[in-house]
Chemist: 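Here it is, the structure in full.
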Amino acid sequence: MKQSTTIADVARLAGVSTATVSRVLSKPGVVRSHTQEQVMAAVRQLDYQPVAAARALASGRTHTVGCVIPTLDHAIFARSTQAMQTTLAHAGYQLLVASHEYDPDTELELVRALQQRGVDALVLVGTDHAPRLWEALGLWPKPTLLTWSCDPRLPSLGFDNAGAARMATAHLLGLGHRKIAVISGFTAHNDRARSRIEGARQTLAQAGLSLPPARVTEQAFNLEGGRLGLRQLMSAEQPPSAIFCGNDLLAVGALLEAQRMGLKVPGNLSICGIDDLEIAQAINPGLTTVRLPTQDLGRMAALSMLSAISGEVIAAQSLLPFSLVVRGSTAVAGLAR
C-alpha cells in the first residue's frame with residue numbers, strides 16, 4: 001500500500017519548515033507570496049491531502065468561501081466566479097457556489113446552508129435580499145461581501161450600474177438619436193436591472209426627453225429575451241431608432257432579430273449593450289457596449305475575503321471603473337432614412 005504523503009514531505013520538497021507549511025495551509029495571509037507559491041507547488045506535486053476536519057479544528061477555519069449568485073446560466077457571472085475561484089484556490093481555499101434563480105427565499109436557505117457548513121466568508125450579488133437574510137447577515141460573525149452593487153450595510157465591491165447605463169444612453173444621444181428604448185432584464189429582485197433603467201431615464205431627462213413605459217420592455221436575460229423585446233418595441237406606431245439593452249445577451253438577441261426582420265443595424269436601428277462578452281466582438285456588426293471588468297471583480301472579491309478572514313479591515317464601498325467600447329452596431333441617427 002502506498003504510504004500517505006505527510007506535511008513533513010511537503011516541507012522537505014518546498015525547503016521550508018513544517019510550521020511554515022501549516023501556516024500556508026491555515027493562515028496564508030501571514031506568509032509571503034513567494035513562500036506560499038513554493039509550498040503550494042510542493043502540495044500539488046505530492047498530491048498532499050490534509051484532513052479537512054483536522055485543519056478546521058486546528059485553525060478554526062474550514063478554508064471555504066461561500067458564493068451565492070442569481071444564476072449559473074449566465075456568462076457574465078461565470079467569468080467573475082471563475083476568477084474568484086482561481087484566486088482563492090491559489091491561497092488554499094475552496095469556493096462553494098450556489099444559485100437562487102432570483103428567488104429571495106431560496107437565497108436565504110442557501111446562505112443558511114453555507115453558514116451551517118462553516119464557510120469562512122460569504123460573497124453575495126446585489127442588494128435585493130429578503131429582510132430575514134439581512135438580519136441573519138447582521139448577526140453572523142464572519143465576513144460577508146456584496147458584489148456587483150454597493151450597500152452601506154455591508155462591505156461592497158461593484159459597479160455604478162446607473163452610471164454604466166448613463167454612459168450608453170449618452171452615446172446614443174450623441175449620435176443624434178431621440179427615440180431611444182430599453183430592453184431590460186426582469187427587475188423583480190434585481191437592483192442592477194432597475195438601476196440601469198433609471199440611469200437611461202435620467203440621461204434622457206437631462207436632454208429633455210422621456211422614457212415612457214411603452215419604450216421599456218422587461219425580458220429574460222438571454223438571446224430569446226432580446227428577440228422578443230425587439231419585436232415588441234418595433235411594433236409600436238413610432239418605433240425607436242436606438243435601443244439600449246441591459247446586457248449583451250439581450251443586445252445580441254435584439255440585433256439578430258432586427259436582421260431577421262430586414263432591419264439594417266446600424267442603418268435603421270442602433271443597438272448598445274452592457275458587459276462586453278466575447279460574443280460582442282464576434283458578431284457582425286460588432287456590438288457597441290459598456291465594458292465591465294468582471295474578471296477583476298471576481299479576483300478582487302476573493303482578495304478582499306482573504307484579507308477579511310485574516311482579520312484585516314477591508315474597504316466599505318468600492319466601485320470598479322467601466323468604459324464604452326464603440327463598434328459597428330451604433331451610428332448617427334437617420335443614416336439610412
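Model, not experiment: these values are computed from the prediction.
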Chemist: Do W140 and V68 belong to the same hydrophobic cluster, where Ile, Leu, Val, Met, Phe, Trp and Tyr are linked whenever their side-chain heavy atoms lie under 4.5 Å apart, directly or via other members?
Modeler: yes
Chemist: Using the rule that Ile, Leu, Val, Met, Phe, Trp and Tyr join whenever any side-chain heavy atoms are under 4.5 Å apart, tell me whether L157 and F322 fall into a single cluster.
Modeler: yes
Chemist: Suppose we screen for side chain to side chain donor-acceptor pair (under 3.5 Å). Which residues come up paired with R227, at least two apart in sequence or across chains?
Modeler: E257
Chemist: Rounded to the nearest 0.5 Å, how far does OG1 of T330 lie from CD1 of I243?
Modeler: 13.0 Å
Chemist: Are Q94 and T64 linked by a side-chain donor-acceptor pair shorter than 3.5 Å?
Modeler: no
Chemist: State, yes or no, whether a side-chain contact exists between P285 and Q259 at a heavy-atom distance under 4.5 Å.
Modeler: yes
Chemist: Side chains of Q82 and T86 only: does a donor on one sit below 3.5 Å from an acceptor on the other?
Modeler: yes
Chemist: Looking at A331, is its backbone amide N or carbonyl O close enough to the side chain of H177 to form a donor-acceptor pair, meaning the two atoms are under 3.5 Å apart?
Modeler: yes
Chemist: May I ask you to say whether R12 pairs ionically with D9, meaning some side-chain N is under 4.0 Å from a carboxylate O?
Modeler: yes
Chemist: Supply the atom-to-atom distance D275 CG to I76 CD1, rounded to the nearest 0.5 angstrom.
Modeler: 3.5 Å
Chemist: Does CG in D73 sit with more than 12 non-hydrogen atoms of other residues, nucleotides or ligands closer than 6.0 Å?
Modeler: no
Chemist: Whether the side chain of D120 engages the backbone of H63 through a donor-acceptor N/O pair (distance < 3.5 Å, no angle test) should be reported.
Modeler: yes
Chemist: To the nearest 0.5 Å, what is the distance between OG on S210 and CD1 on I180?
Modeler: 11.0 Å
Chemist: For the pair Q317 (side chain) and D151 (backbone), establish whether a donor and an acceptor sit closer than 3.5 Å, ignoring hydrogens and angles.
Modeler: yes
Chemist: Taking T87 for the side chain and A302 for the main chain, is one N or O donor matched with an acceptor at less than 3.5 Å?
Modeler: no
Chemist: Would you say L95 and L110 are hydrophobically clustered, going by side-chain heavy atoms of ILVMFWY under 4.5 Å?
Modeler: no
Chemist: Measure the spacing between OG of S17 and CD1 of I7 and express it to the nearest 0.5 Å.
Modeler: 9.0 Å
Chemist: Identify which one of L320, T294, L124, V125 satisfies the side-chain contact (heavy atoms from CB on, under 4.5 Å) criterion when paired with T147.
Modeler: V125
Chemist: Can you see whether T187 engages E218 through a side-chain donor-acceptor pair at a distance of less than 3.5 angstrom?
Modeler: yes
Chemist: When clusters are formed by joining ILVMFWY residues with side-chain heavy atoms under 4.5 Å apart, either directly or through shared neighbours, do V252 and V325 land in the same one?
Modeler: no
Chemist: Could you give the distance from CZ (F244) to NE2 (H171), rounded to the nearest 0.5 Å?
Modeler: 12.0 Å
Chemist: Using a strict cut-off of less than 4.0 Å between a Lys/Arg side-chain nitrogen and an Asp/Glu carboxylate oxygen, indicate whether R201 and E198 qualify as a salt bridge.
Modeler: yes
Chemist: Salt-bridge test for D128 and R192: reply yes if a basic N is under 4.0 Å from a carboxylate O, no otherwise.
Modeler: no
Chemist: Flag yes if I274 and V326 sit in one hydrophobic cluster, no otherwise; membership is Ile, Leu, Val, Met, Phe, Trp, Tyr, and two members link when side-chain heavy atoms are under 4.5 Å apart.
Modeler: yes
Chemist: Could you check whether the rings of H129 and W134 sit parallel, tilted or perpendicular, using 30° and 60° as the cut-offs?
Modeler: perpendicular
Chemist: Can you tell me if R117 has over 12 outside heavy atoms packed within less than 6.0 Å of its CZ?
Modeler: no
Chemist: Distance-only, no hydrogens or angles: does the R327 side chain make a donor-acceptor pair with backbone N or O of L287 under 3.5 Å?
Modeler: yes
